There are 2 protein chains.
Amino acid sequence: MAGKNLTLEEIATLSGVSRSTVSRVINNRPNVKDEVRERVQKIIEEVGYRPHGAARRLAGDRSYTLSIIIPYDVQAIFSEPFFPAVLTGITQTAEQNDYYVMLSMVERSREEDFYRRVVRGQMPDGVIVLSAKADNKIVPRLIEDEIPFVVIGRHLYIPDISYADVDNIGGARTAVRHLLERGRKKIATITGPNSMVAGVDRREGYLSALDEAGIEIRPELIVQGDFTRESGYFSMQQLLSCQPDAVFAASDLMALGAMSAIRTANLRIPDDVAVVGFDDAPVAAYTDPPLTTMKQPSKELGATAVDVLLRLITEGQEKPLSTILPAELVIRSSSG
Amino acid sequence: MAGKNLTLEEIATLSGVSRSTVSRVINNRPNVKDEVRERVQKIIEEVGYRPHGAARRLAGDRSYTLSIIIPYDVQAIFSEPFFPAVLTGITQTAEQNDYYVMLSMVERSREEDFYRRVVRGQMPDGVIVLSAKADNKIVPRLIEDEIPFVVIGRHLYIPDISYADVDNIGGARTAVRHLLERGRKKIATITGPNSMVAGVDRREGYLSALDEAGIEIRPELIVQGDFTRESGYFSMQQLLSCQPDAVFAASDLMALGAMSAIRTANLRIPDDVAVVGFDDAPVAAYTDPPLTTMKQPSKELGATAVDVLLRLITEGQEKPLSTILPAELVIRSSSG
DNA sequence: CGTTGAAATGGGAGCGCTCTCAAAACCTAC
DNA sequence: GTAGGTTTTGAGAGCGCTCCCATTTCAACG
């Protein structure tokens, strides 16, 4: 249990076979007699042997390491539970598959050096990019160098890359449907910025829900925010002039601002205006009244990203694999 | 810029010196003529060379890797901004010092295997343990194997280990002083559990602030919660029978619960009862009224942990180094 | 101008693995 | 019993570095 780590060679001696055979056992390669395999495995188990990561990496073409890249811009969003949960999903799934996880945060100005440092110096088997902004230089580089990677969050411009994302469109549709089911007729929305996928997609979900219900789209009921609380407040003020009976905010923070604006106008939630948000931020449970919202499967998103990445790595998949996970409606009292 | 990574040998050929000399340049070792050093550095710069991490690790006794260990229990707390911010601080500081960061989350049941996998298989130069609970098996193992490590958050039982922590005592004292300065006379507190350092320390800060103000401690004004919103609510209900004019809650979540209880009792905040929390959770800015609280220097905590760890590693420090960072009072309207 | 010691440089060995290839062992089937 | 094939095993080389030690270079001094 304690004591220093042994080497392959020593395990080989202990089990009376050669280094090569032990290596085959460790890597689950064929062409080892069952009886021998078991014997070696037993010894490995007994002495608690673990292969030396660096040595494997140097000798083979595999590093058993995944690298998580977090662009600098994203760090601000760290206050939301989304990224930590994604990280948890990634780490757990990677560890289950016996992969190590490296974490790096890139400042914009150091992207170039960063790339060399991590990708060349460390040689991960694959890379997970957390939320690639459109102008991120990392993604094109990964493509160029043919390094398997998965982006969390659909990429706005570059097509044909592997990604894992929440179903923003479907989620928004569910949210708006929910308001319709509660009998709301005049549903407004506060969207996110057009430069972000989540902004665009959630807007589209809103439109499609109204469309399928045969309700006419009224442009004055659509105001663009920027995901902040403040933008929610001002957008709602603007919307109130149209007297909507419900509002779908594309983020909980904006919903918070909207609620504040509604109260300031002396209207009741949900009686006069029902509110639904998106994200299921921790604060959503504690607003007054508690906020109905769409919960993102954050942890699963991380886990899925790793699954996809491992398939790209081990199967040498050429064509990109993408997964979209559904968001879940969390009904609280703000929606009536 | 693009193209494959070169090796030390190739850099050596390009610069007309030997492998050894290039190695000296890379590792900033003495005994290289300035002129040669510059020439080599220029070439390295030009071709964007980065040493192969695995090779360095295998050859030398340094791995240039720090391992962050997150015990399973802690993951729940991930919804607070504390840990992500700490992670950011760790990663940035590590990268500035040219260290790689590995991330691992340990399930209780797999601690043993985990330890071998990460510590033996990966051989980090040092380990950062995020919030070691008292029963964590990792810390004793690290001590036994003489691996440099730093714990984030003071350890409750094991003395003489390196840690970085927020000044919970001083922070709590500041919070209570603030209430005293606002003229509050009868200040209650809702504490955290005694099993957690933050619980114990923040309680002590409360006591010491009253003590230095010459105010008598009244046990009925001290109720123990468990950092959850619910416990804050019930604790406050209990406290209201003593008619305090202020309450210091040892966490924002508990403060939230307390505010709810106060309102239910038809009392006004801060007029009848002033409230101060601890943590500066994102929700604190959006409560009604916004919550005065103690902001933790989370990112700095991570940065400090790395600084300390690097000193332990590079200076071969024997005796533990600890740092305590001050918490900052964020005044909002809940405190009057 | 030779001598001595320190500074600068180069070459070899080896870290612990994987991979390739050759050798050995084991199977058939005639 | 042996030729032909297949499975199993082992030995060697080498991944890209660092470390150690031998060698060369240089400066300073007698």
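Numbers restart at 1 for each chain; the letters A, B, ... are given by sequence-line order, proteins then strands. Owing to the predicted nature of the structure, the values given are computational and were not obtained by experimental measurement.
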Problem set entry | Backbone N/O of A:Gly89 and side chain of A:Thr93: donor-acceptor pair under 3.5 Å | yes
Exercise. Relative to B:Tyr64, does B:Arg56 satisfy both conditions: NZ or CZ under 6.0 angstrom from the six-membered ring centre, and within 45 degrees of the ring's axis?
Worked result: yes
For this session: Using the ring of A:Tyr100 (Phe, Tyr or Trp, six-membered ring only), decide whether B:Arg117 places NZ or CZ under 6.0 Å from its centre and within 45 degrees of its axis.
Result: yes
Problem set entry | Main-chain N/O of B:Met123 paired with B:Ser63 side-chain donor or acceptor, under 3.5 Å | yes
Exercise. Between C:dG16, C:dT9, C:dT18, which nucleotide has the shortest distance from any of its atoms to the side chain of A:Ser23?
Worked result: C:dT18
For this session: Carefully, step by step, assess B:Tyr99 and B:Arg62 under the rule side-chain hydrogen bond (donor to acceptor under 3.5 Å, both in side chains).
Result: CA-CA 11 Å; B:Tyr99 268 76; B:Arg62 297 279 287 283; 2.9 Å; yes
Seminar exercise, completed: Sorted by position of nearest nucleotide on DNA chain C, 5' first, the leading residue of A:Ala54 and B:Val36 is B:Val36
Exercise. Could a donor-acceptor pair under 3.5 angstrom be found where the side chain of B:Arg62 meets the base of D:dT18?
Worked result: no
For this session: Look at the side-chain N and O atoms of B:Ser18 and state whether any lies under 4.0 Å from the OP1 or OP2 oxygen of C:dG10.
Result: yes
Exercise. Rounded to whole angstrom units, what separation is found between the CG atom of A:Leu58 and the P atom of D:dG14?
Worked result: 14 Å
Exercise. So, is B:Tyr49 near the phosphate of D:dC17, with a side-chain N or O under 4.0 Å from OP1 or OP2?
Worked result: yes
Exercise. Among C:dT18, D:dC15, D:dT18, which nucleotide sits nearest the side chain of A:Leu8?
Worked result: C:dT18
Exercise. Between A:Ser162 (side chain) and A:Pro320 (backbone), is there a donor-acceptor pair under 3.5 Å?
Worked result: no
For this session: Rounded off to whole Å, could you give me the CG-to-P distance for the A:Asp61 and D:dG14 pair?
Result: 17 Å
Problem set entry | Atom-pair distance (CZ on A:Arg57; P on D:dC17), nearest Å | 14 Å
Exercise. Can you find a side chain N or O atom of A:Asn31 that sits less than 4.0 Å from OP1 or OP2 on D:dT9?
Worked result: no
Seminar exercise, completed: In 5'-to-3' order, the base (B), backbone-only (S) or no-contact (-) status of each nucleotide in nucleotides 20-27 of chain C, using a 4.0 angstrom heavy-atom cut-off, is --------
For this session: In whole angstrom, give the distance that lies between atom CZ of B:Arg19 and atom C1' of D:dC20.
Result: 12 Å
For this session: Find the distance B:Ile11:CD1 to D:dT18:P and express it as a whole number of Å.
Result: 13 Å
Exercise. Between B:Glu95 and A:Met105, is there a donor-acceptor pair closer than 3.5 Å when you use the side chain of the first and the backbone of the second?
Worked result: yes
Exercise. Rounded to whole angstroms, how far apart are CD on A:Glu35 and C1' on D:dT9?
Worked result: 13 Å
Problem set entry | Sugar-phosphate, base or nothing in reach of B:Arg29, heavy atoms under 4.0 Å | sugar-phosphate
Exercise. Once you round it to whole Å, what is the distance between P of D:dC15 and CZ of B:Arg56?
Worked result: 19 Å
Seminar exercise, completed: The answer to which of A:Ala59 and A:Asp34 contacts DNA chain D further toward the 5' end, by nearest nucleotide, is A:Asp34
Exercise. Once you round it to whole Å, what is the distance between C1' of D:dC15 and CD of B:Glu9?
Worked result: 13 Å
